[in-house]
A.B. asks: 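One structure is given below, represented as structure tokens, and several questions about it will come after.
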Amino acid sequence: MGVIRIAAAGDVHASEATRERVVAAFQRIEEEADVILLAGDLTTTGEPEQAAVLADACRDLDIPVFTVLGNHDYHAGRQDDIRALLAEAGVQVLERNWRTCTIAGLELGVVGAKGFVGGFPGSVLPDFGEPLLRQVYAETTAEAEAIGKGLQEIVHCDLRVVLLHYSPIEATIAGEPEGIHVMLGSDRLATPIAEYGADLVLHGHAHAGTFGGCIGKIPVYNVAVHVTGRDFWIFDLEGAKGRSETRVEGPA
Ligand SMILES: [Fe+2]
Ligand SMILES: [Fe+2]
């Protein structure tokens with residue numbers, strides 16, 4: 001039985017104003033975790049200078065860092081520059097794809113996708129009408145399909161994590177006004193996770209949401225720092241070669 005310690009945070013919203021705190025938090029967590037997973041909204045308004053703060057915080061770390069981007073990281077139309085800055089610092093930016101790493105003799109697979117909007121049963125965006133709205137629907141479809149494809153492709157991994165920005169379930173956005181739930185995620189993102197399985201699902205985006213939820217027996221956590229109330233939440237993910245039995249623990 002091996003244990004992988006995952007440090008997770010969403011919605012860091014870094015900027016020059018928070019540089020000191022962000023850099024210190026990443027330095028500290030390197031001692032406590034095996035891998036860092038970031039659930040998007042790395043920047044305040046999507047400026048490369050803000051992403052540079054995060055890149056600088058990650059550059060000299062000895063543990064792997066995986067991230068997805070969030071809607072804020074797209075706001076200035078500089079997402080290509082943000083991706084490049086993060087990659088140069090060794091951060092693995094996942095966009096509808098997956099990566100693996102080996103920790104404690106276990107292969108960890110991470111499927112990363114931003115996810116997108118669409119809502120939850122009772123209030124969902126339909127695939128109907130104006131092309132622009134149908135395009136939004138199709139974007140969420142593409143995210144969901146990439147999650148399913150990724151989970152199938154890392155089926156050999158001992159532990160499989162899905163890293164998102166938008167929520168796949170309504171339980172972890174509870175606390176946000178119901179009128180904006182449609183903008184906070186989509187249950188269509190949960191469908192491939194339920195179908196292909198995962199050991200842990202992480203997302204952010206809903207700053208006023210709720211920490212824990214599930215898709216069947218699969219644990220889902222909203223790790224937005226506003227929700228966790230700390231720089232990182234640590235999950236001890238247990239797994240054994242050839243066994244699917246896993247356990248998720250927290251906090252640190
Ligand atoms: Fe955010
Ligand atoms: Fe967001």
Side-chain angles (χ1 to χ4, degrees), residues 7-19 21-22 25-26 36-55 57-58 65-83 85-86 91 93-96 111-120 125 136 139-140 142-144 146-147 162-190 201-213 220-233:
D11 307 79
V12 173
H13 290 292
S15 69
E16 205 52 57
T18 56
R19 173 180 284 275
R21 180 189 170 144
V22 170
F26 277 75
I36 295 173
L37 301 184
L38 301 172
D41 276 2
L42 311 174
T43 65
T44 50
T45 54
E47 298 294 343
E49 299 73 32
Q50 298 160 355
V53 172
L54 208 91
C58 293
V65 183
F66 298 87
T67 192
V68 293
L69 299 185
N71 56 317
H72 282 244
D73 306 318
Y74 279 80
H75 182 67
R78 304 289 301 275
Q79 58 274 16
D80 291 346
D81 299 316
I82 289 176
R83 262 183 229 115
L85 268 163
L86 294 167
V91 177
V93 183
L94 301 178
E95 290 182 298
R96 298 182 185 172
V111 174
K114 178 172 57 60
F116 203 35
V117 302
F120 300 89
L125 177 75
V136 170
E139 188 75 5
T140 305
E143 295 285 319
I147 294 165
V162 178
L163 182 62
L164 304 167
H165 181 60
Y166 288 84
S167 179
I169 59 171
E170 197 162 26
T172 47
I173 62 170
E176 295 278 5
E178 277 190 27
I180 64 166
H181 281 197
V182 70
M183 299 299 292
L184 298 178
S186 167
D187 69 325
R188 296 168 61 218
L189 302 169
V201 180
L202 303 173
H203 73 87
H205 190 48
H207 294 194
T210 298
F211 182 55
V220 178
Y221 292 98
N222 176 352
V223 292
V225 293
H226 316 73
V227 173
T228 63
R230 60 192 68 194
D231 293 319
F232 290 95
W233 192 279

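For ligands, and for the atoms within them, numbers begin at 1 and follow the listed sequence.
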A.B. asks: Determine, using ring centers only, whether His205 and His226 are less than 6.0 Å apart.
C.D. replies: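 Centroid distance His226-His205: not below 6.0 Å, so no.
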A.B. asks: Report, rounded to 10°, the angle at the Fe ion (ligand 1) between the two atoms NE2 (His207) and NE2 (His13).
C.D. replies: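 It comes to 90°.
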A.B. asks: Decide, yes or no, whether a salt bridge links Lys114 with Glu95 under the criterion of side-chain N to carboxylate O below 4.0 Å.
C.D. replies: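 No.
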A.B. asks: State plainly whether the residues Arg83 and Asp73 are in salt-bridge range, i.e. N to O under 4.0 Å.
C.D. replies: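 Not counted as a salt bridge, because no side-chain N and carboxylate O are separated by less than 4.0 Å.
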A.B. asks: For the Fe ion (ligand 1), give me the closest N/O/S atom belonging to Asp11, just the atom name.
C.D. replies: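 Looking at Asp11, the N, O or S atom with the least distance to the Fe ion (ligand 1) is OD2.
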A.B. asks: Please calculate the NE2(His165)-the Fe ion (ligand 2)-OD1(Asn71) angle and round it to 10 degrees.
C.D. replies: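 For NE2 of His165 and OD1 of Asn71, the angle centred on the Fe ion (ligand 2) reads 90°.
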A.B. asks: Give the name of the N/O/S atom in His205 that lies closest to the Fe ion (ligand 2).
C.D. replies: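 The atom in question is ND1.
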A.B. asks: Please report the C-alpha distance between Arg96 and Glu139 in whole Å, then the side-chain angles of each, then the deciding distance to 0.1 Å, and finally whether the salt bridge (Lys or Arg N to Asp or Glu O under 4.0 Å) criterion is met.
C.D. replies: CA-CA 11 Å; Arg96 298 182 185 172; Glu139 188 75 5; 3.0 Å; yes
A.B. asks: On the 0 to 90° scale, with breaks at 30° and 60°, tag the Phe26-Phe232 ring pair as parallel, tilted or perpendicular.
C.D. replies: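 Correct class here is perpendicular.
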A.B. asks: Give the atom name of whichever N/O/S atom in Asp41 sits closest to the Fe ion (ligand 1).
C.D. replies: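 Of all N, O or S atoms in Asp41, the Fe ion (ligand 1) lies closest to OD2.
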